[in-house]
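Shown next, in structure tokens, is the structure this report addresses.
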Amino acid sequence: MNQITELINTVLQIVRIHFKIDLNEESISYERFLTHLKFFAARVFDHMEYEDTMQEIYKVMVEQNENAFSGVKKIAEYIKKQYNYKLTIDEQLYLLIHIKRILDEQTK
């Protein structure tokens, strides 16, 4: 449980620092992101890879959201280095969607 909490906190810190934002911990986007991170962290520690089934959507989302994807790349690099776990396309896509939502909230 401590490892999961540490991973979640580190990912949140990467997002805060990389995008130079304060996360609104009372927003629905933050809550969704946090929920996703809990399941994501469990998969990392169980070494359970998510199936790569959304390659077409992934390509479009990355092209249209390069800024948000730069944060996903930072997270992926950290996870690979720290836990020797390579994020699948699907995992990157879900992180991208959540980060995009958070960034969109910041511009409102």
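These numbers come from a predicted model, not from an experiment.
Here Leu103 contributes atom CG and Phe19 contributes atom CZ; the two are 5.0 Å apart, rounded to the nearest 0.5 Å. The CD1 atom of Ile97 sits 11.0 Å away from the CZ atom of Arg32 when rounded to the nearest 0.5 Å. Note that the CG atom of Leu7 and the CG atom of Leu12 stand 9.5 Å from one another [nearest 0.5 Å]. Taken to the nearest 0.5 Å, the CD1 atom of Ile8 stands 6.5 Å off from the NZ atom of Lys38.
Residues satisfying the side chain to side chain contact (heavy atoms under 4.5 Å, CB included) test with Ile17, not counting sequence neighbours, are Gln13. Taking Phe39 as the reference, nothing meets the ring pair (Phe, Tyr, Trp, His ring centres under 6.0 Å) condition, with sequence neighbours excluded. In this structure, Thr10 has no side-chain hydrogen bond (donor to acceptor under 3.5 Å, both in side chains) partners at least two apart in sequence or on a different chain.
Considering Lys100, Glu105, Arg101, His98 in turn, Glu105 is the only one that fulfils the side chain to side chain donor-acceptor pair (under 3.5 Å) rule with Ser29.
For Asp90 (side chain) and Met54 (main-chain N/O), a donor-acceptor pair under 3.5 Å exists by modelled atom type.
Taking the six-membered ring for Trp and the full ring otherwise, Phe45 and Tyr83 have centroids separated by under 6.0 Å.
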Run the side-chain donor-acceptor check on residues 56-63: report pairs under 3.5 Å with partners two or more places apart or on a different chain.
| unit_1 | atom_1 | unit_2 | atom_2 | d |
| --- | --- | --- | --- | --- |
| Tyr58 | OH | Gln92 | OE1 | 2.9 |

Using distance only, find each side-chain donor-acceptor pair of residues 68-78 under 3.5 Å and give its atom names and separation, not counting sequence neighbours.
| unit_1 | atom_1 | unit_2 | atom_2 | d |
| --- | --- | --- | --- | --- |
| Ser70 | OG | His18 | NE2 | 2.8 |
| Ser70 | OG | Asn67 | O | 2.5 |

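Between His47 and Tyr85, the ring planes are tilted. Angles from 30° to 60° get that label.
Pairs of residues two or more places apart, or lying in two chains, that qualify as salt bridge (Lys or Arg N to Asp or Glu O under 4.0 Å) and include a residue from residues 1-30 are Arg16-Glu25.
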